[in-house]
> 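The structure under discussion is supplied below as structure tokens; questions concerning it will follow.
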Amino acid sequence: MMGKWADYCITKVQYNTARTHIVKVFVYEDKGDTLGTGEELTRAKVVSSIENRKTFVTIFKNTEGKWTRGANVCPIVVKGTTYIRTDQDSTEADNLGKLPEF
């Protein structure tokens with residue numbers, strides 16, 4: 001890692017059976033040059049954390065096994081429901097890219 005990317009880095013997701021909503025994500029606290037202890041957060045907790053000015057990015061392991069920064073995670077409100085997405089699309093679904101599932 002090179003410097004701080006965000007408050008939290010998302011590495012894995014868990015979807016509902018319809019695959020429209022993320023149930024949980026696995027995050028690490030971004031400590032600058034290292035990652036803190038990993039933990040599971042509910043989708044609602046991610047949304048409320050973003051609303052309280054915490055920042056989230058997705059991260060991936062590259063071919064050398066090192067973490068690589070993905071995209072910023074933003075809340076998008078569609079028809080009164082808040083989704084977490086890495087794009088600004090107004091689709092009624094969560095979307096954090098191609099993160100592995102757990």
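Counting from 1, the numbers follow the sequence of the chain as shown.
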> State the OG1-NZ distance between Thr86 and Lys98, to the nearest 0.5 angstrom.
10.5 Å

> Would you call the rings of Tyr8 and Phe56 parallel, tilted or perpendicular, where under 30° means parallel and over 60° means perpendicular?
parallel

> In Å and rounded to the nearest 0.5 Å, what is the CH2 to CH2 distance from Trp67 to Trp5?
9.0 Å

> Is it true that a side-chain atom of Asn95 and a backbone atom of Arg85 form a donor plus acceptor pair closer than 3.5 Å?
no

> State the OH-CD1 distance between Tyr83 and Ile76, to the nearest 0.5 angstrom.
12.0 Å

> Using modelled atom types only, decide if a donor and an acceptor are shared between the side chain of Asn16 and the backbone of His21 within a distance under 3.5 Å.
yes

> Measure the NZ-NZ distance between Lys61 and Lys66 for me, rounded to the nearest 0.5 Å.
11.5 Å

> For Pro100 and Thr11, which heavy atoms make the closest approach, and how far apart are they?
CD-O, 3.4 Å

> In the single-linkage hydrophobic clustering (I, L, V, M, F, W, Y; side-chain heavy atoms under 4.5 Å), do Val73 and Phe26 co-cluster?
no

> Taking all non-hydrogen atoms of both residues into account, name the closest pair between Leu96 and Tyr15 and its distance.
N-OH, 4.2 Å

> Can you check whether Phe60 reaches Leu99 side chain to side chain, under 4.5 Å on heavy atoms?
yes

> Just how far is it from atom NZ of Lys79 to atom OG1 of Thr82, taken to the nearest 0.5 Å?
14.5 Å

> So that I can tick it off, tell me whether Lys45 and Glu39 are bridged by a salt bridge, with the cut-off set at under 4.0 angstrom between side-chain N and carboxylate O.
no

> Any non-hydrogen side-chain atom of Leu35 less than 4.5 Å from a side-chain atom of Ile59?
yes

> Test of understanding: clusters of I, L, V, M, F, W, Y form through side-chain heavy atoms closer than 4.5 Å, transitively. Do Val47 and Val25 belong to the same one?
yes

> Quick check: is Ile50 connected to Val57 through a chain of hydrophobic side chains (ILVMFWY, heavy atoms under 4.5 Å apart)?
no

> Taking Thr55 for the side chain and Asp7 for the main chain, is one N or O donor matched with an acceptor at less than 3.5 Å?
yes

> Please report the interatomic distance CG(Asp30) to CZ(Arg69), rounded to the nearest 0.5 Å.
9.5 Å

